[in-house]
Amino acid sequence: GLSTFYGCTSLTSIIIPDSVTSIDDFAFGGCTSLTSIIVDENNKTYDSRNNCNAIIETKFNELIAGCMNTLIPNSVTSIDNSAFSGCSKITKVILPESVDSLEGSVFWGCENLEYVSMAGITNLEYASPYGGGRNNNFRNCFKLKTVIVSNALSSNVGQFGCGASDTGNKKILDFYYIFLYNNEELF
């Protein structure tokens with residue numbers, strides 16, 4: 001069900017058998033010690049292609065759960081709600097350009113996240129092309145300093161936990177820099 005293993009800080013690995021056909025949001029959120037995710041190769045609904053250490057919904061190429069050792073494959077097109085929520089040991093994320101959607105709260109609580117490259121993302125407005133809202137993708141990422149984006153990015157401040165009613169997080173903008181990405185290495 002919803003939040004099945006949420007906050008299991010001693011959980012280090014997950015093996016999803018071929019019989020699993022449904023995984024709810026937040027299922028592995030806050031599992032701060034999680035380093036290995038494997039999906040049985042005979043699973044018809046999910047996969048962990050290229051030993052990526054993530055759960056990917058095969059039909060939609062959507063990453064639904066990741067961990068601190070996840071390498072996001074180029075075939076992934078979106079990242080589901082709370083896929084990395086509470087992964088406090090993540091410091092750097094590089095999304096392949098194939099990823100065009102973050103579905104809300106994706107990196108919420110990744111408190112040590114400092115760097116994100118997301119050149120394929122062009123729209124982080126509230127309404128998702130897949131239905132529903134998608135705010136708070138970087139909420140409580142207090143160390144986030146560098147984000148590489150497309151020069152076509154459209155966003156709202158709610159992505160970074162800085163909404164009008166969120167006074168505790170407003171200080172994050174003082175340390176936040178956005179660099180335009182023009183198909184060049186900046187670092």
Side-chain angles (χ1 to χ4, degrees), residues 14 16 20-29 34-41 43-87 89-108 110 113-139 141 144 146-156 158-160 177-187:
I14 302 167
I16 304 295
V20 172
T21 59
S22 178
I23 299 173
D24 289 328
D25 289 344
F26 306 104
F28 303 103
L34 188 58
T35 59
S36 174
I37 300 174
I38 299 170
V39 177
D40 185 288
E41 63 185 30
N43 189 303
K44 302 288 188 228
T45 306
Y46 302 106
D47 68 80
S48 187
R49 61 191 76 157
N50 305 325
N51 298 313
C52 64
N53 279 311
I55 302 170
I56 299 169
E57 190 169 7
T58 306
K59 182 178 179 180
F60 300 107
N61 290 314
E62 182 172 51
L63 191 148
I64 64 162
C67 67
M68 71 174 103
N69 292 331
T70 296
L71 296 173
I72 302 168
N74 289 330
S75 54
V76 169
T77 57
S78 66
I79 301 182
D80 197 21
N81 185 11
S82 304
F84 292 92
S85 179
C87 290
K89 294 179 181 170
I90 294 176
T91 59
K92 183 177 184 178
V93 172
I94 299 174
L95 301 177
E97 288 191 44
S98 60
V99 175
D100 65 6
S101 181
L102 300 179
E103 291 303 304
S105 305
V106 171
F107 298 103
W108 184 324
C110 294
L113 184 61
E114 297 176 3
Y115 175 97
V116 175
S117 175
M118 53 181 198
I121 305 289
T122 57
N123 185 334
L124 280 177
E125 298 297 339
Y126 180 75
S128 166
Y130 302 100
R134 58 179 179 185
N135 264 351
N136 303 311
N137 282 299
F138 301 98
R139 185 181 213 109
C141 296
L144 188 58
T146 305
V147 178
I148 308 298
V149 298
S150 163
N151 59 4
L153 178 69
S154 172
S155 184
N156 63 50
Q159 296 301 329
F160 304 98
Y177 307 98
I178 296 179
F179 296 92
L180 296 182
Y181 179 87
N182 290 312
N183 296 321
E184 299 175 10
E185 286 294 320
L186 297 176
F187 299 97

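The shown structure was predicted, so the numbers you read here are calculated from the model rather than taken from an experiment.
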Worksheet item: Taking atom OG of Ser117 and atom CD of Glu97, what is their separation to the nearest 0.5 Å?
Response: 8.0 Å
Worksheet item: Are the side chains of Val99 and Ile121 in touch, meaning some heavy atoms are under 4.5 Å apart?
Response: yes
Response to the item:
Closest heavy-atom pair, Gly104 versus Asn81, reported as atoms and distance to 0.1 Å, is O-OD1, 2.7 Å
Worksheet item: How long is the span from the CD1 atom in Ile37 to the CD1 atom in Ile16, to the nearest 0.5 Å?
Response: 8.0 Å
Item to complete: Not counting sequence neighbours, which residues clear side chain to side chain contact (heavy atoms under 4.5 Å, CB included) with Thr45? List them please.
Response: Thr21, Asn43
Worksheet item: Any side-chain heavy atom of Leu144 sitting closer than 4.5 Å to one from Val116?
Response: yes
Discussion item. For Thr77 and Asn61, which I'm curious about, is there any donor-acceptor pair between the side chains at under 3.5 Å?
Written reply: no
Worksheet item: If you take all heavy atoms of Gly66 and Leu34, which pair is closest and at what distance?
Response: O-CD2, 4.3 Å
Worksheet item: Within a strict 4.5 Å, meaning less than it, do heavy atoms of the Glu62 and Ser78 side chains meet?
Response: yes
Worksheet item: Roughly how far, to the nearest 0.5 Å, is CG of Asp24 from OG of Ser82?
Response: 11.5 Å
Discussion item. Would you compute the distance between atom CD of Glu103 and atom CG of Asn137 and round it to the nearest 0.5 angstrom?
Written reply: 8.0 Å
Worksheet item: Side chain of Ser98, backbone of Asn74: donor and acceptor closer than 3.5 Å?
Response: yes
Worksheet item: What's the shortest heavy-atom distance between Arg139 and Trp108, and which atoms?
Response: CD-CZ2, 3.1 Å
Worksheet item: If you take all heavy atoms of Ser36 and Cys67, which pair is closest and at what distance?
Response: N-SG, 4.1 Å
Discussion item. Using modelled atom types and a 3.5 Å cut-off, is there a donor and acceptor pairing between side-chain atoms of Asp47 and backbone atoms of Arg49?
Written reply: yes
Discussion item. Has Tyr46 got a side-chain atom pairing as donor or acceptor with Ile64's backbone, closer than 3.5 angstrom?
Written reply: no
Worksheet entry | Non-hydrogen side-chain atoms of Thr35 and Met68 separated by less than 4.5 Å | yes
Item to complete: In sequence, state the C-alpha distance, the side-chain angles, and the governing distance for Phe84 and Val93, and then conclude on side chain to side chain contact (heavy atoms under 4.5 Å, CB included).
Response: CA-CA 11 Å; Phe84 292 92; Val93 172; over 6 Å; no
Worksheet item: Roughly how far apart are Ile55 CD1 and Phe28 CZ, rounded to 0.5 Å?
Response: 4.5 Å
Practice prompt. Measure from the side-chain N and O atoms of Asp80 to the backbone N and O of Leu63, and report whether any donor-acceptor pair falls under 3.5 Å.
Written response: no
Worksheet entry | Side-chain heavy-atom pair Val147, Met118 within 4.5 angstrom cut-off | yes
Practice prompt. Could you tell me the separation between the CG atom of Asn51 and the CD1 atom of Ile38, rounded to the nearest 0.5 Å?
Written response: 7.5 Å
Worksheet item: Of all heavy-atom pairs between Asn53 and Ser48, which one has the smallest distance, and what is that distance?
Response: N-OG, 3.8 Å
Discussion item. Give me the atom names and distance for the closest heavy-atom approach of Ser105 to Ser85.
Written reply: O-CB, 4.0 Å
